[in-house]
Engineer: 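First the structure, which I've put down as structure tokens, then a few questions once you've had a look.
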Amino acid sequence: MKKKLSLMFVALSALALLAGCEPLTVFNPKGPNAETLSNTIILSIITMAFILLVVYVLLAFMLTKYRASKAAADYEPPHEEGSHLLEITWTVIPIIIVAFLAVVTVRTTSTVEAQPAGYDDKEPLVIYASSSNWKWHFSYPEEGVETVNYVNIPVDRPIEFKLYSFGPITSFWIPQLAGQKYAMSDMLTTIHLAADEVGSFMGRNSNFNGRGFAEMEFEAQSMTQEDFDKWVADVKSKEAPLTEEKFDELLEAEHVGRQSFSSTHLDFRPAPMEHGKHMNMDEMDHGDMSEEDMNNEHSGH
């Protein structure tokens, strides 16, 4: 009895805690790609809930119809042949369900891997997002500024994040704006997103990579283009340039606060090549690269 009461108390406590939780941010999208992912998740949940409902109804029916009877212990039911129709039915239905979810998933993946719908006529803002230990570096090659542990983006403009890592593999994720994608040390991966409204959104590393994983968060703030341009101008006029020595200190540090710089580390520590492209060691030496090649590498083109 005491054990049952203890279990009931734990269950009621869990319900009380969950009742105070905010809605999952993935179901509160603020951008087109995030909305596509949210709709796909909801559709998948509804599909699986319907399957469970059918299974439970059939289970209740079978338990009721074929429950134990008062027949004699030596009673032997008559032999019945299997139903080919039923066998075909319960084989085909799972195939249809898996095929349906597969098509939805493939279409969703194709959509979110491209520039957000409705922004085809706008030039994307390219931001290099790199991780080190348990922090994030955001480099703006076009604007010539860099931030640590926060990123500002303009609304109603496509954003193209180029992801890579200076250490263990991490996963870049802003749930209200886009899905997650891995950042690795030897190549660039790209994630597309856009913000439909001004706001502040929490981003994080969703790949467990060590003791500082839980604190590896950053703020993504969307603002009007005018406010974004003003912020860039303020950083360029008020913040110090990022030197190689300072950048090495940041790489070694485990946790740091928000920081801003009026130049980027791409000038002296270029990003790796994009997936599918290769660079040999001689090309990594800037002395052997033309100015045009370096600019193309830094701009992500």
Engineer: State, yes or no, whether a side-chain contact exists between F161 and V151 at a heavy-atom distance under 4.5 Å.
Structural biologist: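 Yes, side chains in contact.
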Engineer: Find out whether P124 and I159 are in side-chain contact, i.e. whether some heavy atom of one side chain is under 4.5 Å from a heavy atom of the other.
Structural biologist: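 Heavy-atom side-chain distance check fails, nothing below 4.5 Å.
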Engineer: Using the salt bridge (charged side-chain N to carboxylate O under 4.0 Å, His left out) rule, collect all pairs that involve residues 219-241, keeping only residues at least two apart or in two chains.
Structural biologist: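 Listed by first then second residue: E219-R258.
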Engineer: Are the side chain of S38 and the backbone N or O of A34 linked by a donor-acceptor pair below 3.5 Å?
Structural biologist: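 Not at all, since once roles are kept as given, no pair shorter than 3.5 Å links the two residues.
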Engineer: Verify the distance criterion only: is there a donor paired with an acceptor across the side chains of S185 and S165 at less than 3.5 Å?
Structural biologist: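 S185 vs S165: no donor-acceptor pair found between side chains.
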Engineer: What pair of heavy atoms forms the shortest contact from P116 to P158, and how long is it?
Structural biologist: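 Answer, listing the atom of P116 first, then P158: CD-CB, 4.3 Å.
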Engineer: Using distance only, find each side-chain donor-acceptor pair of residues 242-254 under 3.5 Å and give its atom names and separation, not counting sequence neighbours.
Structural biologist:
from: T243; atom 1: OG1; to: K246; atom 2: N; distance (Å): 3.1
from: D248; atom 1: OD1; to: R269; atom 2: NH2; distance (Å): 2.7
from: E254; atom 1: OE2; to: R211; atom 2: NH2; distance (Å): 2.3

Engineer: Do I174 and F138 sit in one hydrophobic cluster, given that two such residues count as connected whenever their side-chain heavy atoms are within less than 4.5 Å of each other, even indirectly?
Structural biologist: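 I174 and F138: one cluster.
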Engineer: Should we count OH of Y182 as having more than 12 external heavy atoms under 6.0 Å?
Structural biologist: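 No, not enclosed.
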Engineer: Compare all side-chain heavy atoms of M202 with those of T25 and state whether any distance is below 4.5 angstrom.
Structural biologist: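 The answer is no, as the side chains (C-beta and beyond) never meet within the 4.5 Å cut-off.
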Engineer: What's the verdict on ring pair (Phe, Tyr, Trp, His ring centres under 6.0 Å) for Y140 and Y128, showing C-alpha distance, side-chain angles and the deciding distance?
Structural biologist: CA-CA 7 Å; Y140 299 74; Y128 285 77; over 10 Å; no
Engineer: At their closest point, which heavy atom of A195 faces which heavy atom of Y119, and how far apart are they?
Structural biologist: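 In this case the closest contact between A195 and Y119 is O-OH, 4.1 Å.
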Engineer: Can you find a heavy atom in the side chain of K122 that is under 4.5 Å from one in the side chain of D156?
Structural biologist: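 Yes, their side chains come closer than 4.5 Å.
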Engineer: Which heavy atom of V26 sits nearest to which heavy atom of P175, and what is that distance?
Structural biologist: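 Shortest heavy-atom separation between V26 and P175 comes out as CG1-CB, 3.9 Å.
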Engineer: Give a yes or no on whether the backbone of V256 and the side-chain of N149 come within a donor-acceptor separation of less than 3.5 Å.
Structural biologist: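 At least one qualifying donor-acceptor pair exists.
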Engineer: Check whether S139 reaches the backbone of P141 with its side chain - one donor and one acceptor, N or O, closer than 3.5 Å.
Structural biologist: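 Not at all, since once roles are kept as given, no pair shorter than 3.5 Å links the two residues.
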Engineer: Mind checking the CD1-CD1 spacing from I51 to I93? Nearest 0.5 Å is all I need.
Structural biologist: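 One finds 9.5 Å between CD1 of I51 and CD1 of I93.
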Engineer: Taking all atoms of both residues into account, what is the closest heavy-atom pair of E143 and L125, and its distance?
Structural biologist: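 Heavy-atom minimum between the residues: OE2-CD1, 3.3 Å.
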Engineer: Relative to the ring of W231, is the ring of F228 parallel (under 30°), tilted (30 to 60°) or perpendicular (over 60°)?
Structural biologist: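 Tilted: the ring planes of F228 and W231 meet at 30° to 60°.
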Engineer: If we only count heavy atoms from C-beta on, is the S130 to F166 side-chain gap below 4.5 Å?
Structural biologist: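 Sidechains of F166 and S130: in contact.
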Engineer: Looking at T170 and N207, what are the two nearest heavy atoms and their distance?
Structural biologist: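 Nearest heavy atoms, T170 then N207: C-CB, 4.1 Å.
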Engineer: Given H137 and S131, is the side chain to side chain donor-acceptor pair (under 3.5 Å) satisfied, shown in steps?
Structural biologist: CA-CA 6 Å; H137 311 260; S131 61; over 6 Å; no
Engineer: What is the minimum heavy-atom distance between V235 and S260, and which atoms define it?
Structural biologist: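 Nearest heavy atoms, V235 then S260: CG1-CB, 4.2 Å.
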Engineer: Both conditions, 6.0 Å and 45 degrees, for the charged tip of R204 above the ring of F213: are they met here?
Structural biologist: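 Because its charged atom sits under 6.0 Å from the ring centre and within 45° of the axis, R204 does stack over F213.
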Engineer: Is the shortest side-chain heavy-atom distance between Y56 and V54 below 4.5 Å?
Structural biologist: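 Not touching, per the 4.5 Å side-chain cut-off.
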Engineer: Heavy-atom count check: over 12 atoms from other residues, nucleotides or ligands less than 6.0 Å from I41 CD1?
Structural biologist: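 It does: I41 CD1 has more than 12 such atoms within range.
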Engineer: Is there a side-chain contact between H192 and N33 (heavy atoms, below 4.5 Å)?
Structural biologist: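 Sidechains of N33 and H192: in contact.
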Engineer: Could you tell me the separation between the OG1 atom of T147 and the CD atom of Q221, rounded to the nearest 0.5 Å?
Structural biologist: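 Reported value, rounded in 0.5 Å steps: 11.5 Å.
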Engineer: Just to verify, what does F201 make a ring-ring contact (aromatic ring centres under 6.0 Å, His included) with, not counting sequence neighbours?
Structural biologist: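 ring-ring contact (aromatic ring centres under 6.0 Å, His included) list for F201, sorted by chain: empty.
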Engineer: Can you tell me if T105 uses its side chain to pair, donor with acceptor, with the backbone of L101 under 3.5 Å?
Structural biologist: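 Yes, T105 side chain to L101 backbone: donor-acceptor pair under 3.5 Å.
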Engineer: Examine distances only and state if a side-chain atom of K181 and a backbone atom of T190 form a donor-acceptor pair shorter than 3.5 Å.
Structural biologist: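 A pair under 3.5 Å: yes.
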Engineer: Counting only N and O atoms by type, is there a donor-acceptor contact under 3.5 Å from the side chain of E146 to the main-chain atoms of S262?
Structural biologist: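 Side chain of E146 to backbone of S262: no pair is present.
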Engineer: Got a donor-acceptor contact below 3.5 angstrom from the S222 side chain to the E197 backbone?
Structural biologist: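 Checking the backbone N and O of E197 against the side chain of S222, a donor-acceptor pair under 3.5 Å is found.
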Engineer: Set out, in order, the CA-CA distance, both residues' side-chain angles and the distance that settles ring pair (Phe, Tyr, Trp, His ring centres under 6.0 Å) for F172 and F218, then state yes or no.
Structural biologist: CA-CA 10 Å; F172 181 87; F218 63 91; 5.3 Å; yes
Engineer: Does any non-hydrogen side-chain atom of V112 lie less than 4.5 Å from one of L37?
Structural biologist: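 A side-chain contact under 4.5 Å exists here.
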Engineer: State whether the side chain of N28 and the backbone N or O of Q176 hold a donor-acceptor pair below 3.5 Å, judged by distance alone.
Structural biologist: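 Pair absent, no side-chain N/O of N28 close to backbone of Q176.
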